[in-house]
> 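One structure, as structure tokens, below. Some questions next.
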Amino acid sequence: MSAMAENPKQANRLPSLEKAAVWIVLLVLLALAGLASDAFFKLNYLTNLLRQAAPVGITAVGVTFVMLLRGVDLSVGAIVSMSAVMCALVMGGKPENLWIGIVASCACGALVGLANGLLIAYGKVSAFILTLGMSIVVYGLVQMSTGGTARGIVSPGFREILNGRIAGFMPVLVICLLAAVVVGMILQSRTVFGRSIYLIGANPAAARVAGLPVKRVTVIAYAVSGLFAALGGLALLARTGVSGTNPGQGLEFDVLAAVVLGGTTFAGGRGSVGGTFAGVMVLLIALNLANVAGLPFAAQLTIKGLIIIAASAAHSWIGSRSGGRQND
Amino acid sequence: MRPLAIGSNTDQRPPRIYWALIALIVVGVVSVPQFRTLSNLANVLDQSATLAVLALGQAFVIAGGLIDLSVGQLVGLITVIACMMFEAFPGMGLLIIVGCLTLAAVVGLINGELINRLKMPPLILTFGMLSVLQGFIFMLTDRSVGVTLPAITFLSNGRLFGIPVSLLLVAAISIAAYHALQRSVFGWHLLAMGNSADSARKAGLSLFALTRTAYLVSGLCAGIAALLVAGRLGTGFPNAGNGFELDAIVAVVLGGTPLKGGRVSVVGILGAVLFLGVLSNLLNLLQVPAFTQIMVKGVIVIVAILADRPGRLAPA
């Protein structure tokens, strides 16, 4: 897996077919969806689809940074749960607690991410296992605080505003998602942090020798991932209105699938927030197609799996045509 | 980046997880009277058997720098299928067992073949397969079905001259895995692929064949684990294998095998499995609430991995 980091500059510069791959897959899926049902291209349907994508999409933006750095963050599902549960608990149904709940959730998400980053950067341990352990810890804490039943009530106004539509058609949650993507893109290409991430991900040893602050960037990346996961949790809470006990269960896998579909490899140094957004949409449209086709839940699971495999295979096939990418 | 001697792992001192295991056992022996009984020891061993088999299977893929996330749902699927068949055709036990193990191995083979042909990241492919298999399970049933045979129950809970049968099974698989991974040419080639797939290919190794074999073993082990699960539960529970894949990966890594592959320690994996089993047993005996147990386990995983770090890993 470490063999493909040889040319970071090329990876950054090539706007080739490799980067377009996920968009091609997305277009094909959209065309298929259009054939399956004419409702697909109605504005309402599309905005609804984007609205559904908000929790996974917002979270995936943060995870992209970690993956670009050759890391991985499996704790985001638990952070999403924590954020949703905590926000509802802190709000307690009182309007004056609205902002306290939101800020507390974001702060806790960022803190968990910070802990991940510090342990990974200074402890030099496998990110996979560490964030997995962290997700178990956070999940346990969430369960302890809820006692295993859904508790907490959102403040009045929270759901209403986030589920509203601006100008009658644009859901606020969609704007939140797009804002998260735009912030992610700016972070990725307009900041020193973003550029450092590509360089470190492409070749950590060289980056260290060149004097880049590898540890600091790593810590920040995980904190960013935690923060975005907390925001994703808030989006999930806004959609459902009740926190449940573990609303983010398994979400980390959807996020991971979306990020990888979007062209960010586990080898780091390649990929983009924009690609991740496309990956999220591919995943969601695939699920929606299964739903539209009226398949039972079990068949939907199977089809979801097949589509993840097919989309990823198509993606890597297109990528290999452009000569840019190889997997092991 | 890595030392040249691939096989150097075979002659290492005992993996550090054993210190944690010993510490845990000392704590248990000192503080919990029930922990000291022989029947409790046998209990821990029985409960750990499934994880041990799964982790040993996972060791094959991880050693080669790959990963298999589909084993948990594969366990669920095989458990359900086996129990349904046992109920429908009680007279054909042996045939069903062989059939189920073959099916599990074939699923593993499909994983490996798809990774080869489609040139996909193993994580994403086996994650997709996880979903596919879960769908299959729920197409078959959404509740517990079927029965097990006495022979299967004997396999997971029985005693032979006072020794748990599952322990004998795990011992046999461990010895086989040790020889395959750490004492055979195949193992050397697999570790070489884990170290650097590129170099291994340039050295003329068939990465396709290695990948295929590793996944075949992983699938087969999941099949064996599924029979153990069926024996313990006595019925085909569709969610039986949920999360097993992560437990297995944790055990492999705690046992001193890095996720990027290239090194492996069967003895270490067994230590890690025992460590997790004893930990869970102690927490139960101490009557720690379930949710607190979850948190404690997470903390232990983090502490253990921090304590067991090789010290020269890149931030990954």
> Could you report the tightest heavy-atom contact between B:Met295 and A:Val137, atom names first, then the distance?
CG-O, 3.6 Å
> Would you say the side chain of A:Phe128 lies within less than 4.5 Å of the side chain of B:Leu123, judging by non-hydrogen atoms?
yes
> For chain A, which residues from residues 124-136 of chain B have at least one heavy atom closer than 4.5 Å to it?
B:Ile124, B:Leu125, B:Phe127, B:Gly128, B:Met129, B:Ser131, B:Val132, B:Gln134, B:Gly135, B:Phe136
> Can you tell me how far the CD1 atom of A:Ile309 sits from the CG atom of B:Asn111, to the nearest 0.5 Å?
7.5 Å
> Specify the closest pair of heavy atoms between A:Val260 and B:Pro121, including all atoms of both residues, with the distance to one decimal.
CG1-CG, 4.3 Å
> Only pairs of heavy atoms separated by less than 4.5 Å count here; which of A:Leu306, A:Ile129, A:Thr302 has the most with chain B?
A:Thr302
> Looking at CD of B:Gln293 and CD of A:Gln143, how far apart are the two atoms once the value is rounded to the nearest 0.5 Å?
13.0 Å
> Side chains of B:Ile294 and A:Ile136: closer than 4.5 Å at any heavy-atom pair?
yes
> Is there any residue in residues 67-74 of chain B with a non-hydrogen atom under 4.5 Å from a non-hydrogen atom of chain A, and which ones are they?
B:Ile67, B:Leu69
> If you measure from OG on A:Ser126 to CD1 on B:Ile249, what distance do you get to the nearest 0.5 Å?
10.0 Å
> B:Met139 and A:Ala298: which non-hydrogen atoms are nearest, and at how many Å?
N-CB, 3.5 Å
> Could you tell me which portion of A:Leu74 (side chain, backbone, both or neither) has an atom closer than 4.5 angstrom to a non-hydrogen atom of chain B?
neither
> Measuring heavy-atom distances to chain A, does B:Leu140 have an atom under 4.5 Å in its side chain, in its backbone, in both, or in neither?
neither
> I want to check something: taking the side chain as every heavy atom from C-beta on, are A:Leu130 and B:Ile302 in contact at a cut-off of under 4.5 Å?
yes
